[in-house]
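Below is the structure I would like to discuss, written out as structure tokens.
The first residue of the sequence shown is numbered 1, and numbering continues consecutively from there. Hydrogens, waters and symmetry mates are skipped; everything else that's a heavy atom, side chains included, is used.
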Amino acid sequence: MAAMVRRQRPRRLACWALMAVLLADLLALSDTLAVMSVDLGSESMKVAIVKPGVPMEIVLNKESRRKTPVTVTLKENERFFGDSAASMAIKNPKATLRYFQHLLGKQENNPHVALYRARFPEHELGFDPQRQTVYFQISPQLQFSPEEVLSMLLNYSRSLAEDFAEQPIKDAVITVPAFFNQAERRAVLQAARMAGLKVLQLINDNTATALSYGVFRRKDINTTAQNIMFYDMGAGSTVCTIVTYQTVKTKDSGVQPQLQIRGVGFDRTLGGLEMELRLREHLARLFNEQRKGQRAKDVRENPRAMAKLLREANRLKTVLSANADHMAQIEGLMDDVDFKAKVTRAEFEDLCADLFERVPGPVQQALQSAEMKLDEIEQVILVGGATRVPKVQEVLLKAVGKEELGKNINADEAAAMGAVYQAAALSKAFKVKPFVVRDAVIYPILVEFTREVEEEPGVHSLKHNKRILFSRMGPYPQRKVITFNRYSHDFNFHINYGDLGFLGPEDLRVFGSQNLTTVKLKGVGESFRKYPDYESKGIKAHFNLDESGVLSLDRVESVFETLVEDSPEEESTLTKLGNTISSLFGGGATPDAKENGTDSVQEEEEGPAEGSKDEPGEQAELKEEADSPTEDASPPPPPEPKGSAAPEGEKTTEKDDGEKPEAQKPSDKGEAGFESVPPAPEEEKKQKPARKQRMVEEIGVELVVLDLPDLPEDELARSAQKLQDLTLRDLEKQEREKAANSLEAFIFETQDKLYQPEYQEVSTEEQREDISGKLSATSSWLEDEGFGATTAMLKEKLAELRKLCQGLFFRVEERKKWPERLSALDSLLNHSSMFLKGARLIPEMDQIFTEVEMTTLEKVINETWAWKNATMAEQAKLPATEKPVLLSKDIEAKMMALDREVQYLLNKAKFAKPRPRPKDKNGTRAEPPLNASASDQGDKVIPPPGQTEDAKPISEPEKETRSEPAGSEPLELGGPGAESEQKEQPTEQKRTLKNDEL
């Protein structure tokens with residue numbers, strides 16, 4: 001018995017551990033049950049949410065629009081966002097910031113910074129010498145970096161989502177352009193961190209669009225690959241994406257649909273904004289020509305006039321997409337001079353002729369990166385607002401050679417819907433159908449390192465090595481490990497971008513630095529001195545390219561191994577407990593597949609990169625830990641190393657099976673590893689084979705960021721605090737405006753009510769004059785001194801007025817409630833009296849209510865009648881201007897007390913059982929009830945004709961018998977009409993029960 005208790009204790013502890021984990025998950029989910037997505041475009045953004053009961057819904061802004069302008073207006077004492085900020089662009093163009101995402105992650109010498117200055121000369125851009133970036137100089141006291149401005153907008157989008165969801169939201173998925181590099185992606189993450197958002201993923205907008213397309217067409221996806229091209233031309237850029245849809249077999253969820261990004265092409269500056277700028281320049285030239293002889297100033301020198309022209313150009317571009325010509329009109333463009341000019345679609349197309357020639361460029365880039373031909377593309381689908389321009393569709397249709405272009409997707413909201421679906425899949429609060437997403441690396445990343453080699457005896461030289469870490473168009477997220485085998489002292493290596501030959505010269509200038517990070521390792525020599533008797537397995541650097549496409553170095557460690565004798569020991573209690581917990585959580589197996597992710601773990605050897613011919617002994621071991629979907633096709637074997645054999649300890653090895661632990665691989669010295677079938681426990685105890693013992697020593701890492709330094713932690717904290725202070729200031733301003741509006745509305749409404757008959761009936765002339773005087777005095781105070789009043793002062797004034805008018809409003813409200821409440825009370829009293837009367841008419845033998853219960857109900861009814869009559873009589877004596885004694889709350893209390901007594905008796909009658917009937921004085925039984933069954937009628941049975949009394953009656957099955965009250969007589973079995981009587985019994989039973997009901 002004691003042994004059994006000891007065996008059960010680990011399992012009981014494991015159950016408690018499991019319950020603790022589940023409770024922690026539930027507590028974490030209770031805070032945030034809603035997630036959001038932000039489709040952050042150049043010109044506008046769309047916000048979507050998922051919450052219980054609201055699956056994938058676009059959030060409406062305060063103007064009830066589904067699309068919000070990406071515009072922020074910053075003043076000394078207030079901020080405006082969205083449509084409010086867009087309307088301020090004409091009044092205060094310098095303080096209104098637009099298209100600031102083009103400055104994210106870019107240094108001051110970037111061509112895009114100069115392009116932004118040329119497009120929007122009204123903005124003053126300052127220079128940050130610490131990070132070599134720019135910031136917006138609104139005033140001498142106000143300056144904000146692009147990350148801070150984006151953080152404000154993300155915080156505003158969260159407030160819209162929280163108002164729509166009616167609960168706090170912290171988790172979000174944000175869309176970014178597919179061509180964003182590492183510096184730009186990190187800048188978006190820093191902005192989200194300032195806003196207090198937990199970013200579940202930065203998803204590429206083309207991937208989000210493809211996911212939305214696949215989710216709503218899940219049934220059309222099968223094992224046959226379908227290649228779809230998405231052509232997305234937005235306001236600021238153009239991206240062309242080739243996506244392959246097909247079903248794959250996953251380890252966890254079986255056969256599931258998958259999308260794989262096969263090819264991507266882009267143009268950073270081709271979009272609707274450039275077309276609008278061309279139109280704005282054309283309109284400005286026309287306006288200057290109209291005022292040529294008036295010695296007027298150039299309209300381009302007036303920021304407000306240029307803001308008006310840009311808004312008109314945006315409207316004109318939209319109208320010309322559906323009309324051959326249109327009249328541009330601006331009232332009071334500059335110096336109170338109106339502007340009016342006719343613009344045709346042909347003129348617009350001539351202005352943008354060079355832009356339309358660039359339309360096929362992203363298509364060719366996407367086909368080249370995917371190594372596909374146009375014949376393999378089944379459909380070309382348009383996405384983005386700028387694709388509505390007819391000339392764009394015409395040129396694109398000619399370039400792809402299709403009969404028509406697909407328009408069966410919401411060009412504005414597809415990315416937001418796909419991103420919010422991914423947010424629900426990544427959140428713990430929702431369970432969605434798996435959809436495997438395999439995104440692609442646009443810019444390859446490699447590792448470069450230099451080491452000393454001996455080419456000839458006594459002759460040493462430095463050799464530069466390059467190893468591709470993440471190849472172009474390779475899937476991500478994934479983890480990789482690179483092993484350095486020939487270092488026994490501290491060294492450095494570099495992480496840079498790979499071959500960017502697919503970018504043009506101008507794109508390379510916009511791209512920025514091609515060097516990412518320099519990694520300085522410290523403690524390598526100390527680790528070798530710490531384990532002198534161990535065999536070194538190299539210095540392993542673990543890299544992670546996460547779901548957001550951001551590269552990070554997780555850790556660097558020095559690994560050593562040695563052979564030790566394995567002595568059989570009995571498992572400890574903690575080991576048994578760990579094994580039990582592992583079995584409860586899935587048998588100890590670690591699943592490799594993840595929903596909406598990738599799943600295989602491989603290790604491969606990278607050959608020489610970029611034309612370098614390294615010796616086999618100099619090749620670093622590259623281990624891939626990426627998650628990718630499990631497919632039937634196995635990966636190709638790695639290339640065989642060329643040349644002579646490498647020295648011991650420097651050969652690169654490849655894992656035959658991704659799930660086989662590294663400790664079970666044969667060593668480089670030819671030692672045999674563990675067999676696939678382990679020997680029996682008895683043999684293990686006898687043989688005591690040697691096993692490998694691994695020691696891992698953590699190596700210190702110092703990172704030197706080369707592309708764009710991140711904000712230091714203290715500066716990041718100061719920016720977050722500054723934005724939080726601005727948010728609190730905005731909330732206080734909104735609270736004050738709300739208090740002022742409430743006070744003003746109360747004054748106007750009350751002044752109007754004083755002249756209504758129902759209010760005059762319950763008030764005297766003096767009372768109304770007193771209230772009217774106080775309202776007028778407060779209204780005058782609000783007009784004269786209200787602008788400087790604090791929120792507390794406004795609330796205090798409102799409380800005084802409400803207290804003054806409280807009695808008047810109370811009397812009116814009570815009189816409004818009297819008819820309904822009194823009618824309900826009369827109805828309840830009448831029904832209760834009828835119920836009591838019916839209960840007293842029940843025969844004594846069938847009575848289910850006691851005399852005390854009926855007396856109590858009668859007492860409550862009489863007391864309620866008496867209270868009602870007395871209170872109404874007293875109320876009739878009072879004038880209407882006095883406080884009433886007949887209150888609606890008292891009527892409701894009397895109704896609740898009476899209803900409680902009636903409901904008690906009704907519930908008792910509902911579950912009461914009929915009493916057994918007593919015998920009469922002659923000793924015979926009383927008449928049986930009509931619903932009595934023949935099998936329950938006693939022992940005496942009258943035999944049918946032709947049968948003696950000694951014959952036994954026919955017994956019915958036992959399951960159909962039911963007990964009847966004592967004294968009931970049996971019915972005859974057999975004879976004429978016996979069968980019909982039995983058939984009529986259910987009907988008679990129902991009718992009897994109905995008659996017995998109250």
Item to check | Thr269 backbone acceptor or donor facing Asp267 side chain under 3.5 Å | outcome: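 Checked: pair present.
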Checklist entry - Can you list the steps and then say if Phe120 with Tyr99 is a ring pair (Phe, Tyr, Trp, His ring centres under 6.0 Å)? => result CA-CA 10 Å; Phe120 307 101; Tyr99 303 101; 5.7 Å; yes
Checklist entry - Backbone N or O of Asn314 within a donor-acceptor pair of the Thr318 side chain at under 3.5 Å? => result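 A pair under 3.5 Å: yes.
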Item to check | From CG (Asp554) to CG (Asn544), nearest 0.5 Å | outcome: 5.0 Å
Checklist outcome for this item: Test salt bridge (Lys or Arg N to Asp or Glu O under 4.0 Å), reference Glu413, set Lys67, Lys46, Arg66, output is Arg66
Checklist entry - Under 4.5 Å between any side-chain heavy atoms of Glu312 and Leu283, yes or no? => result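 Yes, their side chains come closer than 4.5 Å.
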Next on the checklist: Measuring from atom CZ of Arg291 to atom CG of Leu333, what distance do you get when rounded to the nearest 0.5 angstrom?
Outcome noted: 8.5 Å
Next on the checklist: Using modelled atom types and a 3.5 Å cut-off, is there a donor and acceptor pairing between side-chain atoms of Asn181 and backbone atoms of Phe511?
Outcome noted: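 Answer holds: yes.
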Checklist entry - Within the side chain of Thr207, is there an N or O that forms a donor-acceptor pair under 3.5 Å with the backbone of Ile203? => result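 Here the side-chain-to-backbone pair does not exist.
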Checklist entry - Quick one: do Asp730 and Arg79 make a salt bridge, cutoff under 4.0 Å? => result yes
Next on the checklist: Quick test of your reading of the model: are Lys94 and Glu122 salt-bridged, counting only N-O distances below 4.0 Å?
Outcome noted: no
Checklist entry - Hey, mind stepping through Phe127 and Tyr135 against ring pair (Phe, Tyr, Trp, His ring centres under 6.0 Å) and telling me if it holds? => result CA-CA 6 Å; Phe127 175 67; Tyr135 57 84; 8.6 Å; no
Item to check | Stepwise salt bridge (Lys or Arg N to Asp or Glu O under 4.0 Å) test for Lys106 and Glu184 | outcome: CA-CA 7 Å; Lys106 296 179 177 62; Glu184 293 168 315; 2.6 Å; yes
Checklist entry - What distance separates Asp83 CG from Ser44 OG, expressed to the nearest 0.5 Å? => result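 Asp83 CG to Ser44 OG: 10.0 Å, rounded to 0.5 Å.
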Next on the checklist: Under the criterion salt bridge (Lys or Arg N to Asp or Glu O under 4.0 Å), I'd like the reasoning laid out for Glu78 against Arg729: C-alpha separation, chi angles, the key distance, then a yes or no.
Outcome noted: CA-CA 8 Å; Glu78 54 187 349; Arg729 188 192 67 183; over 6 Å; no
Checklist entry - Without hydrogens or angle criteria, can the side chains of Asn288 and Arg285 be said to hold a donor-acceptor pair below 3.5 Å? => result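 Result is no, nothing qualifies.
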Item to check | Lys198 and Leu200, any side-chain heavy atoms less than 4.5 Å apart | outcome: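 They are in side-chain contact.
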Item to check | Leu310 side chain reached by Arg98 side chain, heavy atoms, under 4.5 Å | outcome: yes
Checklist entry - Does the salt bridge (Lys or Arg N to Asp or Glu O under 4.0 Å) test come out yes or no for Arg117 and Glu124, once each step is laid out? => result CA-CA 8 Å; Arg117 282 194 173 107; Glu124 181 181 351; over 6 Å; no
Next on the checklist: Rounded to the nearest 0.5 Å, what separates atom CD1 in Ile330 from atom CZ in Arg315?
Outcome noted: 8.5 Å
Item to check | Euclidean distance, Leu115 CG relative to Leu277 CG, rounded to 0.5 Å | outcome: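 So the gap between those two atoms works out to 8.5 Å.
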Next on the checklist: Between Arg193 and Glu713 (salt bridge meaning N to carboxylate O under 4.0 Å), is one present in this structure?
Outcome noted: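 Between Glu713 and Arg193 there is a salt bridge, with a charged N closer than 4.0 Å to a carboxylate O.
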Item to check | More than 12 heavy atoms from other groups under 6.0 Å of NZ on Lys722 | outcome: yes
Item to check | SB check Arg268 Asp507 (cutoff 4.0 Å) | outcome: no
Next on the checklist: I'd like to know if the side chain of Ser37 pairs up with that of Gln422 as donor and acceptor (distance under 3.5 Å, no hydrogens or angles considered).
Outcome noted: no
Next on the checklist: Keeping Asn61 on the side-chain end and Arg65 on the backbone end, is there a donor-acceptor pair under 3.5 Å?
Outcome noted: yes
Next on the checklist: Tell me if a side-chain donor or acceptor on Arg262 pairs with a main-chain N or O of Ala440 at a distance below 3.5 Å.
Outcome noted: no
Next on the checklist: How close do Thr71 and Ala86 get, counting heavy atoms only, and between which atoms?
Outcome noted: CG2-N, 4.0 Å
Item to check | Residue pair Arg185 / Asn204, side-chain donor-acceptor N/O under 3.5 Å | outcome: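 Asn204 and Arg185 do have a side-chain donor-acceptor pair below 3.5 Å.
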Checklist entry - Side-chain donor-acceptor pair under 3.5 Å between Gln721 and Asp725, yes or no? => result yes
Checklist entry - Do side-chain atoms of Glu148 reach the backbone of Ser145 as a donor and acceptor pair under 3.5 angstrom? => result yes
Next on the checklist: Could you report the tightest heavy-atom contact between Ala183 and Leu708, atom names first, then the distance?
Outcome noted: CB-CB, 3.9 Å
Next on the checklist: Could you check whether any side-chain heavy atom of Tyr443 comes within less than 4.5 Å of a side-chain heavy atom of Gln182, counting everything from C-beta outward?
Outcome noted: no
Item to check | Asn206 backbone acceptor or donor facing Thr241 side chain under 3.5 Å | outcome: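 Answer holds: no.
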Item to check | Flag side-chain contact, heavy atom, 4.5 Å: Leu150 against Leu40 | outcome: yes
Checklist entry - When rounded to the nearest 0.5 angstrom, what distance separates CG in Leu706 from OG in Ser513? => result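 These two atoms lie 6.0 Å from each other.
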Item to check | Phe449 and Phe493: CA distance, side-chain angles, deciding distance, ring pair (Phe, Tyr, Trp, His ring centres under 6.0 Å) verdict | outcome: CA-CA 5 Å; Phe449 54 95; Phe493 63 90; 7.8 Å; no
Checklist entry - Could you go step by step and tell me if Asp354 and Arg278 meet the salt bridge (Lys or Arg N to Asp or Glu O under 4.0 Å) rule? => result CA-CA 11 Å; Asp354 60 325; Arg278 301 283 179 91; 2.8 Å; yes
Checklist entry - Side chains of Asp232 and Thr209: do they bring a donor and an acceptor to under 3.5 Å? => result no
Checklist entry - Just wondering, do Val701 and Lys520 contact through their side chains at under 4.5 Å, heavy atoms? => result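 Result no, sub-4.5 Å side-chain heavy-atom pair not found.
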Next on the checklist: Checking the side chain of Gln143 only, and the main-chain atoms of Pro140 only, is there a donor and an acceptor separated by less than 3.5 Å?
Outcome noted: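 A pair under 3.5 Å: no.
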Checklist entry - Does the side chain of Thr175 pick up a donor-acceptor pair with the side chain of Asp39 at under 3.5 Å? => result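 Thr175 vs Asp39: donor-acceptor pair found between side chains.
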Next on the checklist: One thing to verify: whether Arg119 and Glu274 come together as a salt bridge, which I'm taking to mean a side-chain N less than 4.0 angstrom from a carboxylate O.
Outcome noted: yes
Next on the checklist: Consider side-chain hydrogen bond (donor to acceptor under 3.5 Å, both in side chains). Of Thr518, Asn496, Asn492, which one does Glu448 pass it with?
Outcome noted: Asn496
Checklist entry - Does a side-chain heavy-atom distance below 4.5 Å link Asp707 with Asn515? => result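 Side chain of Asp707 against side chain of Asn515, heavy atoms only: no contact under 4.5 Å found.
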Checklist entry - Can Phe136 and Phe144 be said to form a ring pair (Phe, Tyr, Trp, His ring centres under 6.0 Å), step by step? => result CA-CA 5 Å; Phe136 292 100; Phe144 298 97; 9.1 Å; no
Next on the checklist: Counting C-beta onward and ignoring hydrogens, is there a side-chain heavy-atom pair between Cys240 and Tyr231 closer than 4.5 Å?
Outcome noted: yes
Next on the checklist: Using only atom types and a distance under 3.5 Å, with no angle test, would you say the side chain of Asp546 pairs donor to acceptor with the backbone of Val550?
Outcome noted: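 Here the side-chain-to-backbone pair exists.
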